[in-house]
Amino acid sequence: TSTSHLQLAAFALGTIGWILCTISMGLVEWRVWHVDNTTIISSGIAWVGIWKICFISYLHVSSGYKEQFCHKFSGYDSFIPHEIYVAQGLLLIAMVMGLLGLTTTVFALRNIYMGISRKTLITHFFLLGGFFYIFASLCVLVPVSWNFYSVAQNQSIAFPPSYYMPSSPTAQEVGAAIPIGIIAVILLLLSGTFSLSYRFPITTNTDMK
C-alpha cells in the first residue's frame with residue numbers, strides 16, 4: 001500500500017478541485033461591472049455570472065426583489081456572449097468528469113487497501129481516473145481563461161431592457177469565481193498527474209533466512 005500514497009493525495013486533491021469547480025460554477029461573481037447610472041443599480045456594481053446577472057437595487061424593479069435583483073439567462077437568449085455559453089456547457093462536463101474521476105479512484109484505492117491484487121484492473125482504474133481529472137481540469141480552464149480575457153478587454157454585452165443593465169460598463173474586473181476556477185484547474189491537474197503516475201508494486205516471494 002505504500003505505493004498508493006500519491007493516489008490517496010490524488011483523491012484528496014481531486015475532491016477539493018471538484019468542490020471548487022462546483023462552487024465556481026454556482027457563483028454569480030464571474031465578471032464585476034462598474035456602472036455610472038445608479039438610479040436602478042444602487043451600488044453602481046453588477047455581477048455577471050454564467051447563469052444570471054445580479055445587482056443591488058433600492059427601487060422595486062421586480063416582484064419579489066426589493067433589494068437584490070437577479071435575472072436568469074435562458075438557453076434561447078441570443079445576446080449571451082460565446083464565452084458564457086461555453087462556460088455553461090464545459091463546467092457541467094467538468095463536474096461529471098470530476099465525479100467519474102473520484103469514483104474510479106475510490107474503486108482502485110478500495111482494491112488496494114482490501115488487499116485485492118488485481119494488477120491490471122487497479123492500474124486501469126487509476127489511468128482512467130487520471131484521464132477524467134485532466135479532462136475536467138481542461139473543461140474548467142477554457143471558460144475561466146476566456147472570461148478572464150473578456151474582462152481584460154472590457155467587453156460589452158447587449159442586455160435587453162428587461163435586465164436593467166447597460167450594454168457596457170465603465171470598468172469591469174474579475175470576480176471571485178475566476179480565481180476559484182483557476183485553483184480548481186491546478187488541483188485537478190495535480191490529481192490527474194498523481195493518478196497517472198501509479199505503478200503496481202513488484203512483489204517477491206523469496207523468504208529471507
Side-chain angles (χ1 to χ4, degrees), residues 9-35 45-55 70-102 104-105 127-159 163 165-197:
F11 175 70
L13 294 175
T15 304
I16 299 165
W18 183 78
I19 291 167
L20 290 178
C21 161
T22 312
I23 291 169
S24 174
M25 185 171 75
L27 284 175
V28 75
E29 295 91 355
W30 275 73
R31 294 153 76 164
V32 181
W33 279 29
H34 296 268
V35 296
I45 293 171
W47 302 281
V48 181
I50 59 171
W51 307 105
K52 60 184 177 179
I53 62 109
C54 291
F55 55 78
C70 291
H71 209 303
K72 290 180 181 177
F73 300 141
S74 153
Y76 304 104
D77 292 334
S78 56
F79 67 87
I80 294 175
H82 296 306
E83 65 268 26
I84 287 178
Y85 266 133
V86 168
Q88 288 176 351
L90 285 182
L91 285 169
L92 284 171
I93 294 169
M95 269 193 69
V96 174
M97 289 291 127
L99 204 53
L100 287 171
L102 292 173
T104 51
T105 311
L127 288 175
L128 201 58
F131 167 76
F132 285 139
Y133 288 135
I134 289 170
F135 191 74
S137 73
L138 295 175
C139 287
V140 181
L141 179 65
V142 172
V144 161
S145 48
W146 195 351
N147 279 277
F148 181 84
Y149 174 79
S150 298
V151 171
Q153 297 296 309
N154 198 26
Q155 290 183 1
S156 58
I157 302 171
F159 289 109
Y163 280 58
M165 285 279 287
S167 59
S168 56
T170 51
Q172 62 177 306
E173 60 195 46
V174 166
I178 290 178
I180 289 172
I182 291 168
I183 297 166
V185 169
I186 295 165
L187 293 179
L188 288 166
L189 267 178
L190 279 172
S191 191
T193 309
F194 290 167
S195 286
L196 293 175
S197 71

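The minimum heavy-atom distance between Gly181 and Val140, with the atom names listed, is O-CG1, 3.6 Å. Closest non-hydrogen pair, Thr104 versus Gly129, comes out as OG1-CA, 3.1 Å. The two atoms that bring Tyr163 and Lys72 nearest to each other are OH-O, 3.4 Å, heavy atoms only. Of all heavy-atom pairs spanning Val35 and Pro166, the tightest one is CG1-CG, 3.3 Å. Smallest separation of non-hydrogen atoms from Ser74 and Ile80: O-CD1, 3.8 Å.
Annotation: Tyr85, atom OH; neighbour count of heavy atoms from other residues, nucleotides and ligands within 6.0 Å is above 12. Other residues, nucleotides and ligands place no more than 12 heavy atoms under 6.0 Å from the OH atom of Tyr149. In Phe73, the CZ atom is crowded: over 12 heavy atoms of neighbouring residues, nucleotides or ligands sit closer than 6.0 Å.
From Phe135, atom CZ reaches atom CG of Leu90 across 8.0 Å, with rounding to the nearest 0.5 Å. To the nearest 0.5 Å, atoms CZ (Phe194) and OG1 (Thr105) are separated by 12.5 Å. Taking CD from Glu83 and CD from Gln155, the interatomic distance works out to 5.5 Å, rounded to the nearest 0.5 Å. Here CD1 of Ile134 is found 12.5 Å from CG of Leu141. Values are rounded to the nearest 0.5 Å. Residue Met97 holds its CE atom at 7.0 Å from SG of Cys139, rounded to the nearest 0.5 Å. The CD1 atom of Ile157 sits 10.0 Å away from the OG atom of Ser167 when rounded to the nearest 0.5 Å.
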What do the steps show when you test Asn147 against Ile84 for side chain to side chain contact (heavy atoms under 4.5 Å, CB included), and what is the final call?
-> CA-CA 8 Å; Asn147 279 277; Ile84 287 178; 4.1 Å; yes
Stepwise, does the side chain to side chain contact (heavy atoms under 4.5 Å, CB included) test hold for Phe132 with Leu128?
-> CA-CA 6 Å; Phe132 285 139; Leu128 201 58; 3.6 Å; yes
For the pair Leu127 and Leu196, evaluate side chain to side chain contact (heavy atoms under 4.5 Å, CB included) and give the outcome as yes or no after the intermediate values.
-> CA-CA 5 Å; Leu127 288 175; Leu196 293 175; 3.8 Å; yes
What's the verdict on side chain to side chain contact (heavy atoms under 4.5 Å, CB included) for Val32 and Gln172, showing C-alpha distance, side-chain angles and the deciding distance?
-> CA-CA 5 Å; Val32 181; Gln172 62 177 306; over 6 Å; no
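If you run side-chain contact (heavy atoms from CB on, under 4.5 Å) between Trp30 and each of Val48, Val174, Ile50, only Ile50 comes through.
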Below 3.5 Å, can you tabulate the donor-acceptor pairs from side chains in residues 10-25 to any protein atom, sequence neighbours excluded?
unit_1	atom_1	unit_2	atom_2	d
Thr15	OG1	Phe11	O	2.7
Trp18	NE1	Met95	O	2.7
Thr22	OG1	Trp18	O	2.8
Ser24	OG	Ala177	O	2.9

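Below 30°, between 30° and 60°, or above 60°: for Phe159 and Trp33 the angle between ring planes is above 60°, a perpendicular geometry.
Side-chain contact between Pro143 and Leu91 is present, with heavy atoms from C-beta onward closer than 4.5 Å. With a 4.5 Å cut-off on side-chain heavy atoms, Ile186 and Leu190 count as touching.
Between the side chain of Ser191 and the backbone N or O of Leu188, no donor-acceptor pair lies under 3.5 Å. A distance-only check finds no donor-acceptor pair linking the side chain of Glu29 to the backbone of Trp47 [under 3.5 Å].
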